[in-house]
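Notes for the one structure printed next.
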Protein chains: 2
Amino acid sequence: MAAELTLPADDALQPGALVAGPLYVEVKKRVMRSLMDGEWLQSSPIPSEAQLAQRYAVSVGTVRKAIGELVAERVLVRQPGRGTFVASHNRDYMLEAFFHIVDERGHKEFPASRLLTFRHGRADELSARFLRLAKDRRVFQFENLLHLQGRPVIFDRIRVPQAVFPDFDEGVFRQRDMTIFGLYQARYGVTVTRLEEWIRAANADDRVARLLVIKDDAAVLRIDRVAYTFDGTPVEFRERFVDTRSHAYLNALGMKKS
Amino acid sequence: MAAELTLPADDALQPGALVAGPLYVEVKKRVMRSLMDGEWLQSSPIPSEAQLAQRYAVSVGTVRKAIGELVAERVLVRQPGRGTFVASHNRDYMLEAFFHIVDERGHKEFPASRLLTFRHGRADELSARFLRLAKDRRVFQFENLLHLQGRPVIFDRIRVPQAVFPDFDEGVFRQRDMTIFGLYQARYGVTVTRLEEWIRAANADDRVARLLVIKDDAAVLRIDRVAYTFDGTPVEFRERFVDTRSHAYLNALGMKKS
DNA sequence: TTCGATTTGTTCGTATGTATT
DNA sequence: TAATACATACGAACAAATCGA
């Protein structure tokens, strides 16, 4: 009989197969693996639930449970009648999922971004720790000033490992017409699914004070933020300074659906 | 035949009943109503899924979907083999669900609490706005100093409406052997399910500086926090000041299960 | 210790509804 | 209109955890 040379590996789960936990967890893992391997592009839907059920030889309900968890984790997005897609880091998604700075009334606004500096360098102590890199590995470092309501409110110092974004470049960054995470996703196949933000109060140094147009030593929010992919690899470290005189970091716990 | 005199109203959903959206949403609403009305005590399990299915005349799967959402919103907790319970605000739950202050290594610790002041008063502008009260409604105000690793790190100024906690009292507060939210729940049937935290940088005033043992005007985290019940009623407003020299507010987005 | 009853967890299959193309 | 895909709802069976007799 003919060998199926170039088809994806047969993922069928045999009835007696030795899967440790529940079946849907195994299905979830395999879906994640396909995601990481880039088998499914970000622009088109992943296979339908019926197709996945056939591929893994499980019921549709089991696939739905697996997909449902990935949707809850904001890795996938379901669209009734259309299909299921990899979450795309467009502006709306970014605002809703990852951006927490609001004005006095609690309203969010997409920030206007201005690149200040861009340089090649090596990981310092702080970024090496957060990015889990050896101390002197190559990184790109760039600084970004974000405006809200026409005024500078947020100053970002960002570091990303060269190993993850090989041909990263000032031109690449400036010419993007999407969010930074959108660029990571579209150009490097790196989808950020998890953030960790360490928030402290700090005093603005000369540079931060000048950029945010506040007094020297003024109290600012300092946020050390790490972004992770599917598999838990840290892909970006960001030091963020926020002028909270007319803005705040809003965190809502135990979200309301109804 | 004998009338079932004291049983709860017949909640059966007739096949042709006019429910606006999906059935499981209607079931969820009714379960929440029973929760708010205090029909199910916090110490014993709510009716089993099979019983609820019968009560509402829907399938077990539909009940499971409704309960599942309430579990995701941390209102209920499922325990295999035992039953489903109202989330109890014990120390572990509080730490895991609502407490975000960690040490340098990211570890959480249950804070030691010391009550500083307790008085009757009337809502000022800020608390009236956050608690959605008229300006001069009666409130209880108390101040609490929290220690971590033996040192004062957090200073709380808390205000709660007298209307919600009628017989609140310094003695009641001091004699509790549980978390503050646990007290709200056990004594007043008020279960907090949602928080909103507005985080800013501020300078410590005299009092805050003295209590946290830091320099006058030192940069501290200031958190304005509102706690809500099931039905969206705000029940507590808390101004919190945090010394972030050796601690941080840690926010993790897009949580990791596996 | 064992056993049986209860409760939630997982998996299957099927049918129907709704949204999109 | 028809086909496709996700959403809802039902029912059934077995597994795993818990608890008390």
Side-chain angles (χ1 to χ4, degrees), chain A residues 11-31 40-41 43-72 74-88 257-258, chain B residues 11-31 40-41 43-72 74-88 257-258:
Chain A
D11 280 342
L13 286 159
Q14 301 310 326
L18 2 121
V19 283
L23 249 187
Y24 75 89
V25 173
E26 182 60 27
V27 170
K28 185 179 165 187
K29 281 180 189 163
R30 299 203 185 193
V31 170
W40 301 320
L41 269 39
S43 46
S44 51
I46 72 172
S48 76
E49 296 176 346
Q51 286 169 335
L52 288 175
Q54 202 164 35
R55 167 163 167 180
Y56 300 124
V58 299
S59 76
V60 179
T62 301
V63 170
R64 272 189 71 75
K65 176 129 187 171
I67 300 295
E69 290 206 350
L70 289 168
V71 169
R74 329 199 71 150
V75 173
L76 296 177
V77 174
R78 282 206 266 231
Q79 293 188 273
R82 302 229 303 132
T84 302
F85 300 77
V86 179
S88 149
K257 287 294 170 49
S258 51
Chain B
D11 279 343
L13 285 159
Q14 301 311 327
L18 6 121
V19 284
L23 246 188
Y24 76 89
V25 173
E26 182 60 27
V27 171
K28 186 178 165 187
K29 282 180 189 164
R30 301 203 182 192
V31 170
W40 301 320
L41 268 41
S43 47
S44 52
I46 73 172
S48 76
E49 297 176 347
Q51 286 169 334
L52 288 176
Q54 202 164 34
R55 166 162 167 180
Y56 300 124
V58 300
S59 75
V60 179
T62 301
V63 171
R64 275 189 69 75
K65 175 126 187 172
I67 299 295
E69 290 205 351
L70 289 167
V71 168
R74 328 197 73 149
V75 174
L76 297 177
V77 175
R78 282 207 266 233
Q79 293 188 271
R82 302 229 303 130
T84 303
F85 299 76
V86 179
S88 146
K257 287 291 171 50
S258 53

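Computed over heavy atoms, backbone and side chain alike; hydrogens, waters and symmetry mates excluded. Quick caveat, the model's predicted, so the values are computed rather than measured. Chain identifiers are assigned alphabetically (A, B, ...) following the order of the sequence lines, protein sequences preceding nucleic acid strands; residue numbering begins at 1 within each chain.
Under the Watson-Crick or G-U wobble criterion, with both distances below 3.5 Å, D/dA12 is paired with C/dT11.
Distance check, rounded to the nearest 0.5 Å: CZ of A/Arg55 to OG of A/Ser48 gives 11.5 Å. A distance of 12.5 Å separates CZ in A/Arg74 from CG in A/Leu76, rounded to the nearest 0.5 Å. Separating the CZ atom in A/Arg78 from the CD atom in A/Glu49 is a distance of 5.5 Å, to the nearest 0.5 Å. How far CD of A/Gln79 is from CZ of A/Phe85: 5.0 Å, rounded to the nearest 0.5 Å.
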field: Worked check of side-chain contact (heavy atoms from CB on, under 4.5 Å) between A/Leu52 and A/Ile46
entry: CA-CA 9 Å; A/Leu52 288 175; A/Ile46 72 172; 4.2 Å; yes
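When rounded to the nearest whole Å, the span between CG of B/Leu70 and P of C/dT8 equals 14 Å. What separates CD of A/Glu49 from P of D/dT4 is a distance of 16 Å, to the nearest Å. Distance A/Phe85 CZ to D/dA5 P: 11 Å, rounded to the nearest Å. The interatomic distance linking B/Arg78 (CZ) with D/dA16 (P) rounds to 18 Å, in whole Å. Separating the CD1 atom of A/Ile67 from the P atom of D/dC6 is a distance of 8 Å, rounded to the nearest angstrom.
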Under 3.5 Å, which N/O atoms of the protein pair with N/O atoms of nucleotides 18-21 of chain C?
residue: C/dT21; atom: OP1; partner: A/Arg82; partner atom: NH1; Å: 3.4

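In this structure, A/Trp40 and A/Val31 have side chains that are in contact, with non-hydrogen atoms separated by less than 4.5 Å.
Taking side-chain N and O atoms only, B/Thr84 has a distance below 4.0 Å to OP1 or OP2 of C/dT8.
A salt bridge links B/Glu26 with B/Arg30: at least one charged nitrogen is closer than 4.0 Å to a carboxylate oxygen.
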- request: Starting at the 5' end of nucleotides 8-15 of chain D, put B wherever the base has a protein heavy atom under 4.0 Å, S where only the sugar-phosphate does, and a dash everywhere else.
  value: BSBS----
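The one candidate from B/Val63, B/Ile67, B/Val58, B/Thr62 that meets the side chain to side chain contact (heavy atoms under 4.5 Å, CB included) condition with B/Tyr24 is B/Thr62.
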